[in-house]
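Worksheet: the structure to be examined is printed underneath.
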Protein chains: 2
Amino acid sequence: MRTSSNLDPAPWRRPTPVTPVKSPRPEADAALRLIGATAHLARDREVFGEGEPADQVFKVVSGAVRGFRVLADGRRQICDFYLPGDIFGLDLGETYRIAAEALCDTVLIVARRSLLGEDRDPAAARALFNLAMEQLRRGQELALTLGRRSARERMGCFLLDLESRLGESACLDLPMSRQDIADHLGLTIETVSRTLTQMQNAGLVRISGARSVELRQRQALSGLRA
Amino acid sequence: MRTSSNLDPAPWRRPTPVTPVKSPRPEADAALRLIGATAHLARDREVFGEGEPADQVFKVVSGAVRGFRVLADGRRQICDFYLPGDIFGLDLGETYRIAAEALCDTVLIVARRSLLGEDRDPAAARALFNLAMEQLRRGQELALTLGRRSARERMGCFLLDLESRLGESACLDLPMSRQDIADHLGLTIETVSRTLTQMQNAGLVRISGARSVELRQRQALSGLRA
DNA sequence: CGGCACCTTGAGTATCCTCAAGAGAGGTGG
DNA sequence: CCACCTCTCTTGAGGATACTCAAGGTGCCG
């Protein structure tokens with residue numbers, strides 16, 4: 001079996017539905033007029049499934065979300081991780097093309113797509129357009145990362161990207177597991193683990209406790225090859 | 001150096017500029033109001049370079065185009081191939097994020113982006129939006145393909161995608177070289193060649209003359225693994 | 001016919017995957 | 001507070017796959 005974790009009953013998949021909770025004091029996103037309810041999701045809880053009607057847009061307040069598709073053989077490709085501030089669920093068609101799950105306890109703002117009328121408001125339309133272009137850019141970046149041949153290169157790209165999105169602090173706090181990273185980078189969990197160890201031995205990073213990585217030589221990380 | 005304009009070992013790159021030719025009888029694209037000049041490009045001619053001002057949008061009339069980026073070490077990642085009917089060059093920022101070159105003798109329709117005013121015309125805006133979402137989808141598909149681990153899988157995905165875009169005819173006519181395919185799939189040219197030979201030996205395809213592939217067992221191609 | 005670009009094939013090696021077992025970390029209950 | 005369990009991560013050994021280097025074949029064009 002070639003896959004991530006296990007397959008038959010997809011253990012990462014819990015069919016529990018989202019239960020948006022009316023916020024007493026709804027937060028507003030000026031740019032997108034994303035005014036809606038907030039939802040609190042426990043770890044591994046599903047936000048939406050692949051193929052479900054795409055009538056909601058989400059913004060991460062805290063926590064993190066994985067967007068992924070499951071291939072025919074049960075493998076999982078994580079297309080993107082959504083971090084605080086990110087907006088996701090924007091899909092052209094009637095249904096979501098990818099599934100989404102909370103990586104950890106997560107708070108989202110939920111907005112109905114129909115309320116973001118694309119032609120009702122030119123400003124909102126432009127914001128949506130910019131959002132789509134931004135995600136397009138991210139998709140291209142991922143393709144570039146996956147096109148890189150060695151595990152070290154992919155890992156380096158991933159860490160640098162994550163840092164730039166989470167903000168440069170002393171220590172990078174990974175919201176996802178090794179398996180998630182593996183499924184994102186097209187590697188196995190063992191290779192991810194070994195690569196990190198190797199990078200630590202080379203002095204490129206310092207790892208403390210599996211979820212915490214300190215980047216020490218960004219130059220070398222970005223230049224990793226072979 | 002991110003602009004791919006002058007990389008030492010980039011033999012595929014010819015710095016010849018595009019010279020749009022006023023068409024006596026401009027073709028019109030109703031959906032996008034893409035009314036502009038046509039350009040005829042010889043093989044390997046550059047359409048635009050990475051980092052150049054992004055003020056034009058293109059539609060392929062005939063021929064084919066590769067959109068790519070050059071990595072720091074000189075490797076090339078081809079993000080997408082643009083085939084007849086495809087529109088490309090739509091970029092959010094001020095400059096193109098990828099470069100584009102003709103794969104073979106190619107005819108394009110060229111339109112200034114400023115003429116496609118995003119807020120001047122709701123219909124055009126929506127068309128642009130849909131276009132962006134479509135490219136987003138393609139980016140995700142590429143990520144899915146590159147995430148697949150074996151060369152056979154990637155090759156199978158690639159061939160099926162290409163066929164679906166070129167139309168199902170008896171024989172698939174590849175507009176790109178083995179090297180282009182390799183740079184698209186994150187493989188080497190030797191692996192591409194070997195994989196195709198192997199697929200032929202397995203009865204999955206029939207190859208005649210390097211640029212012509214007949215898909216014989218689509219089911220098996222899509223299900224390729226290990 | 002020769003030159004050139006592209007493609008194929010071979011041999012050897014590096015990288016990554018698979019299978020398997022052990023080590024931490026966190027939570028639960030006695 | 002500690003034993004125990006589970007989940008996750010790490011590490012090891014062996015094998016499969018893709019890369020590198022190199023040579024030879026094919027087709028096209030002058």
Side-chain angles (χ1 to χ4, degrees), chain A residues 1-7 11-12 14 42-44 73-76 103-105 146-156 173-183 185-202 205-213 224-226, chain B residues 9-14 42-44 73-75 103-105 146-156 158 174-202 205-213 224-226:
Chain A
M1 209 74 325
R2 2 191 47 284
T3 183
S4 46
S5 25
N6 2 24
L7 349 185
W12 60 73
R14 316 270 164 92
R43 176 195 150 128
D44 286 337
D73 60 353
R75 254 181 313 170
R76 188 173 61 152
L103 281 170
C104 50
D105 288 1
L146 291 178
R148 296 183 162 267
R149 297 197 181 95
S150 80
R152 273 186 293 286
E153 285 176 308
R154 296 188 193 184
M155 201 66 204
D173 227 31
L174 304 179
M176 70 290 288
S177 70
R178 297 285 187 272
Q179 185 65 61
D180 286 320
I181 298 174
D183 290 348
L185 298 180
L187 302 169
T188 61
I189 183 176
E190 295 96 330
T191 299
V192 168
S193 184
R194 269 188 261 265
T195 303
L196 277 172
T197 302
Q198 207 172 17
M199 288 168 106
Q200 173 161 249
N201 292 341
V205 301
R206 225 174 70 81
I207 302 169
S208 29
R211 290 295 179 108
S212 180
V213 179
L224 273 182
R225 44 178 153 272
Chain B
W12 59 76
R13 194 66 182 278
R14 318 269 165 90
R43 174 194 152 131
D44 285 335
D73 61 353
R75 256 181 310 169
L103 281 170
C104 50
D105 289 0
L146 291 178
R148 297 183 162 265
R149 297 197 181 96
S150 79
R152 273 186 293 285
E153 285 176 307
R154 296 187 193 185
M155 200 66 205
F158 171 72
L174 305 178
M176 70 289 289
S177 71
R178 296 286 187 272
Q179 185 65 59
D180 287 320
I181 298 174
D183 289 348
H184 184 53
L185 298 179
L187 302 170
T188 60
I189 183 176
E190 295 96 330
T191 299
V192 168
S193 184
R194 269 188 261 265
T195 303
L196 277 172
T197 302
Q198 206 173 17
M199 287 169 107
Q200 173 160 250
N201 292 341
V205 301
R206 227 174 69 81
I207 301 169
S208 28
R211 289 297 179 109
S212 181
V213 179
L224 270 182
R225 42 178 152 272

Checking [X] side chain against [Y] main chain: does a donor-acceptor pair fall under 3.5 Å?
X      : Y      : result
B/R178 : B/A210 : yes
B/D183 : B/D180 : no
A/D105 : A/R43  : yes
B/R149 : A/L187 : yes
B/R152 : B/T195 : no
A/E153 : A/R148 : no
B/T197 : B/S193 : yes

To the nearest Å, how far apart are [X] [atom1] and [N] [atom2]?
X      : N      : atom1 : atom2 : result
A/N201 : D/dT11 : CG    : C1'   : 12 Å
B/Q198 : D/dA18 : CD    : C1'   : 11 Å
A/M155 : D/dC9  : CE    : P     : 11 Å
B/L185 : D/dT17 : CG    : P     : 18 Å
A/Q200 : D/dT11 : CD    : C1'   : 14 Å
A/R148 : D/dA18 : CZ    : C1'   : 18 Å
B/E153 : C/dC16 : CD    : C1'   : 14 Å
A/R75  : C/dC17 : CZ    : P     : 10 Å

Pairs under 3.5 Å (N/O, protein and nucleotides 2-7 of chain C):
from, atom 1, to, atom 2, distance (Å)
C/dC6, OP1, B/R43, NH2, 3.0
C/dC7, OP1, B/R178, N, 3.2
C/dC7, OP2, B/R178, N, 3.2

Under 3.5 Å, N/O pairs linking protein and nucleotides 21-28 of chain D:
from, atom 1, to, atom 2, distance (Å)
D/dC21, N4, B/E190, OE2, 2.9

- Query: When the nearest nucleotide of DNA chain D is assigned to A/T191 and to B/L187 on a heavy-atom basis, which residue is associated with the more 5' position?
  - Reply: A/T191
- With respect to the phosphate group of C/dC16, does any side-chain polar atom (N or O) of A/T188 fall under 4.0 Å of OP1 or OP2? no
- Message: Any side-chain N or O of B/R149 below 4.0 angstrom from OP1/OP2 of C/dC17?
- Response: yes
- Item | Minimum heavy-atom distance between B/A182 and B/I189, given as atom pair plus value | CB-N, 3.6 Å
- Query: Looking at B/Q200, B/M155, B/Q198, which hits side chain to side chain contact (heavy atoms under 4.5 Å, CB included) with B/V205?
  - Reply: B/Q200
